[in-house]
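What you see below is based on every heavy atom in this structure, not just the backbone, and it leaves out hydrogens, waters and symmetry mates. Residue numbering restarts at 1 for every chain, and letters A, B, ... go by the order of the sequence lines.
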Amino acid sequence: MSVEIQQIHFSYGKIKALNGIDIRLPQGAIGLLGPNGAGKSTLLRILLGFLVPDSGEGSVLGYDIRSQQAMIRRYVGYMPEDDCFIPGMDAVSFTSYMGELSGMPRQEAMKRSHEVLYYVGLEESRYRMLETYSAGMRQRLKLAQSIVHDPKLIFLDEPTSGLDPQGRKEILELIMDISSKKDIQVLISSHILPDIEQTCSYVVILNKGEMAAEGQISELKQVQYSLYELKIKGEEQAFLDRLASMDSQVEQTEDKLLKVYLSPGTDPQDIFKIAVEEKVQIRHFVKSQTSLEDLFAKVVGVD
Amino acid sequence: MTIKERGYAHWDGELQDGRFPWWPITRIGIRLTFKRKFFKFFFGFTLIPALVWLVGIYVSERLEDFKFMMEGETDFLNVNPLYFKTYFTNDFLLFMVVMILVFCGAGLIADDLRHNALQLYFARPLKKRDYLTGKAAVIFFFLFIVTLIPGIVFILFKLIFAGNFQFFASYPWLILSVIAYSVLITTFFAFYTLLLSSIGKNRRYVSILIFGVYIFSDIFSAIFKEIFRSHYFYLLSIKSNLQQVGAVLFDQRTPWNIPWYYSLTVIIAICLFSAYILKQRVRGVEIIK
Amino acid sequence: MSPSFKRKIGFFAKSTKDVFSFFFSLAKKSRRTKIFFILSFLPVFMAFVVKFSQIFQLSRDIEGIYIFNNMIIAFYLQFLILILALFYGSSVTSEELEGKTLTYLTTRPVSKSAIIVGKYLAYTALIIFMVTLGVVFSFLVLNLSELRSVSLYKILFRDVAVLALGLMCYTAFFTFVGTILKKSIMFGLIFSFGWENVIQYFPGSTQKFTIVHYLKSLLPSVSRGRFSFLLFRLEPSSTGTSIFMLFLIAAVFIVLACVLFTYKEYILKD
Amino acid sequence: MTAIIQTQNLSKWYGNVLGLSDVTLEIEQGITGILGPNGAGKSTFLKLITGQIKSNIGSVTIMGQPVWNNYPQFSEIGFCPEQDSFYGEMTGWQFLTSLLRLYHLSSTEIEKKADKALEIVELSEDKNRAVRSYSRGMRQRLKVAQSIAHDPKIIILDEPLNGLDPLGRRKIIRLIKEYKGEGRTIVVSSHVLPEIEAMTNQIILIHQGKIFAQGDIHYIRDLIETHPHIISIRCSDPRQLAQKFIHHDFVLKVNFGLKKGVLLVETNSRDKFFGLLPSLFVENQIEVEEITSPDDNLQAVFDYLIGK
């Protein structure tokens, strides 16, 4: 069991950040989900020993979070949310510096840092000054420094924030590749649902410092009603009227997506019959699962 | 045949409990200081007194050759503990030391605070003590170059120029004095600089403080001393305290009429205060209440 | 004066006023200002100590005004106003660039010159206020027994005016330095405690290349006491020239800073 | 409709690094999305049209007036910068009122406007907390608040949704749409495609400092009609369906997907294809599970244009 905590409480002065969190994490990649200010970063900081919980117990990799912080940090890699670096250095010296601080011999750290930078896709700019790095490159650099010492457990705090789709895809692929290794566990904190859906199998949802939901993603998003998403072209109104007469609810979203809630017992193929009759093109037709986003909205309780 | 696997590769080495986990911090700190504009030039300038004193030692062994230049005044060329004390406690050297601190010390912690880098350090098996030791060692490095090293070099060259060990026999403890004094002022300035560097995120602000507080304490004590005609007010001055203790360490008369251990107490008190503040300020995350 | 020019001037004045109040209230509350405030109040504390010791006969009797003239003013003139002007002057542009907050100003309907002038005035006013308060308090404490003598207030007024002129001038200069140099502190320290301290003792016209020369020309030469050497070889300019020069220097550097700031591009790194 | 923002041959270098090259375009009322990967030149473009930096070549005009150093005009413009930076020790309330002061307003007006802006971004409760203690999302919202507080006609937002959680994002998107309804001009940059898609159809694609495309998303899609379009259908009997397609000339390719029951059809005329589709299902009694167009989103347009 890599991470196990019970009844963790923490507050910044008057503001309660964590209010009794219990977690027992299984193997594999784990997503820590929640809106801004839900306490995700605080939780990670407690696991790393930056903050001492007001009350509660826990262990990371079998080491106690209160008394054995040094051992935890030896085997943990951390990618912080904030933009952080050391000015005046290039990527290779920075990464190997971080490796050395973790206890790698200097020559090994240098060798490894070249490998790691190559791995995260910074091989061409590894000799450039960090000040000149773009947001995307800094993100990769932070990932590189978090894996340079080959940790057993990696904490990633908002790993894709500020990235463009291409950069995001690449970072997520890297994370999936790392977490596919059986002996490395990854804990990703994010508010970007698709990221978590894509990389993790298990998710913990925090809201306002409390546990909102926890479990396997596949179990959490079970289908509860028969909802279809459609995009159509043609005479909309007539089509919508016909659908309504079938005793089903239709909702139109901001980006012109139709959400059709079919009453039980209605054959979805009837939609196509109506389409033929009303001469409407159906360009998109998907049976919707309760997506993680809906789940998220539901447990978080807004909208 | 083996094929290199694509994707993430493990590192097959062992993490070690380094004996000096702070050493990388020091090495990088020194390297970054040397990268600063004009620093090398400036640092060279700081070594001028050392050169002058070295020439003095040479001249002291060849007094006859230089007599025509001296016009009889040769007392100051007598290489004895006073000669060393004069080097180590002269105002110019101390002033240059402070300027070096502005260069190498202002950003030590302030830059890490500014760029959120502390969490990178403390996410690794590094204790607060290691971090501070590493940063302080940067200051030790630069200040030893202008204090400890010249001191030892002076003694060595005196012996070499003289060709015998008489000097050593006369003042066997001198080398200890040099070491003790160098360690004292370097330790003090390390605490002083780290303290000021940790209270601001802005390098400019810290630079001004390092310089300003030093000069300020000196002016302040001078004014008080002038009004009250009491040497006790020299205790307010950083410079005077260092000079006071320095004189004792070199077995010379103290420049002011106050017990030297008062000065030492002041110095130690500042160091302890700094240590306390540093312990509060240096942590993995900034906690805002 | 054409109406459009008048309108421009009016707009500039309004903008400057708004920038001024923005930064005056911002700087007033910052922690740095508090620390500098304490620093500039230490002479008051010192004055108290002196006064108490005089009351209890702990030290030899020195006239309050003597201490005031020779020590307090020397401290302010030779040290404090330089430090304050250096920090606040270089902050005018540097802190916007370092904190990447410049954008918030340059997207408002205020001209870049108004930003410089307004901020400069705000900071100068703040530090003049700080220094004046410190000076006035130390003056009152030190001369507690002679508060009825009018001639003393003349001295106080003159000293405060000189310090204010000094702050105005140095801050303008360092505002300009901060606008062209990225790392202005090292240069500022060397200028303040190297150039200004050394060149002022040079004979002939050389000393006229320092700002402190004009400031000292406005003060009477001091003959007694330990600090007299500070005025060693001063060949004073006339009062009129000095005041004119101080205003001229301040104006020139502020105009230069404005011109530079208006046409130079500052690129904030992400 | 007349253009609000016009640029002519706009080009910008930083030293010898290209920032933007030869951009000539007009932005009209409503929402315009600026899209491009990191470092494509979006921020450079927004800085140029807000007069933050000066172009090396070309000109920018807003409502007919040049922008560079034209301060009086800036009261009509609100700008939300990309960088996450604030004045040191201010509270949210102080931050807004201080900046509003620069619009030469009376203090009652300032307070009214600041209150309103805080309400809009839902920060009223936290207005007296120091900005330093805000979470990332709150800071982002505060930045948006300072760009709209003075009620500008033109709002320019550089990555406003960056770092926001889904709920925060939804709120800002709704807000931007509301502003559009009020007849304002809004320019939003983003590198996340669905975000822009949710806000507007008017987009400008920037890559490597150049404009790759400008206009309606669908118009752009039509522009690249030569690029065949793939439609994925999951149904009960894909092979029977495939037979029906083969006779039509607008179908270029028919593939069977890796997943069971998936048919991938490539067509060069979507209109004809989709016109035919429902009747095929109904006539042949094929049960449809899913119809999707894997490349009918901005990402695909984008990938196609930048040649991926």
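Checked against a 6.0 Å centroid threshold, the rings of B:Phe216 and C:Phe75 count as neighbours.
Both the backbone and the side chain of C:Leu39 come within contact range of chain B, each with at least one heavy atom under 4.5 Å from a heavy atom of that chain.
Counting non-hydrogen atoms of other residues, nucleotides and ligands closer than 6.0 Å to NZ of B:Lys40 gives a total of 12 or fewer. By the 6.0 Å contact criterion, NZ on B:Lys279 is open, its count of non-hydrogen atoms from other residues, nucleotides or ligands being 12 or less. Open room surrounds CZ on C:Phe137; 12 or fewer heavy atoms of other groups in view lie less than 6.0 Å from it. Atom CZ of B:Phe34 has more than 12 heavy atoms from other residues, nucleotides or ligands within 6.0 Å. By the neighbour-count criterion of 12 heavy atoms within 6.0 Å, atom CZ of C:Phe41 is densely surrounded, having more than that number from other residues, nucleotides or ligands. Environment of CZ in B:Phe92: crowded, with over 12 heavy atoms of neighbouring residues, nucleotides or ligands closer than 6.0 Å.
Taking 4.5 Å as the limit, every side-chain heavy atom of B:Phe220 sits out of range of all side-chain heavy atoms of C:Phe79. Contact of the B:Phe38 side chain with the C:Phe187 side chain is not registered, since no non-hydrogen atoms from C-beta on lie closer than 4.5 Å. With contacts defined as side-chain heavy-atom distances shorter than 4.5 Å, the pair B:Arg203/C:Ile185 does not qualify.
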Could you walk me through whether C:Phe193 and B:Phe95 satisfy the ring pair (Phe, Tyr, Trp, His ring centres under 6.0 Å) test, starting with their C-alpha distance in whole Å, then the side-chain angles of each, then the deciding distance to 0.1 Å, before giving a yes or no?
CA-CA 11 Å; C:Phe193 297 95; B:Phe95 180 80; 8.0 Å; no
Take B:Asn202 and C:Arg32 through the test side-chain contact (heavy atoms from CB on, under 4.5 Å) and record every step on the way to the result.
CA-CA 10 Å; B:Asn202 182 325; C:Arg32 290 165 201 167; 3.8 Å; yes
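How far OH of C:Tyr88 is from CD1 of B:Ile208: 10.0 Å, rounded to the nearest 0.5 Å. Residue C:Arg31 holds its CZ atom at 6.0 Å from OH of B:Tyr205, rounded to the nearest 0.5 Å.
With respect to the salt-bridge test (charged N to carboxylate O, under 4.0 angstrom), the residues C:Glu98 and B:Arg204 qualify.
Counting heavy-atom pairs closer than 4.5 Å to chain C, the top residue among B:Gly212, B:Ser230, B:Ser207 is B:Gly212. Here C:Val49 is the residue among C:Ile83, C:Leu80, C:Val49, C:Leu86 with the most heavy-atom pairs under 4.5 Å with chain B.
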Donor-acceptor contacts, no H, no angles, side chain residues 124-133 of chain C, under 3.5 Å, sequence neighbours left out:
residue: C:Thr124; atom: OG1; partner: C:Tyr120; partner atom: O; Å: 2.6
residue: C:Thr132; atom: OG1; partner: C:Ile128; partner atom: O; Å: 2.5

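Residues of residues 98-105 of chain B lying under 4.5 angstrom from chain C, judged on non-hydrogen atoms, are B:Met99, B:Val102, B:Phe103 in numerical order.
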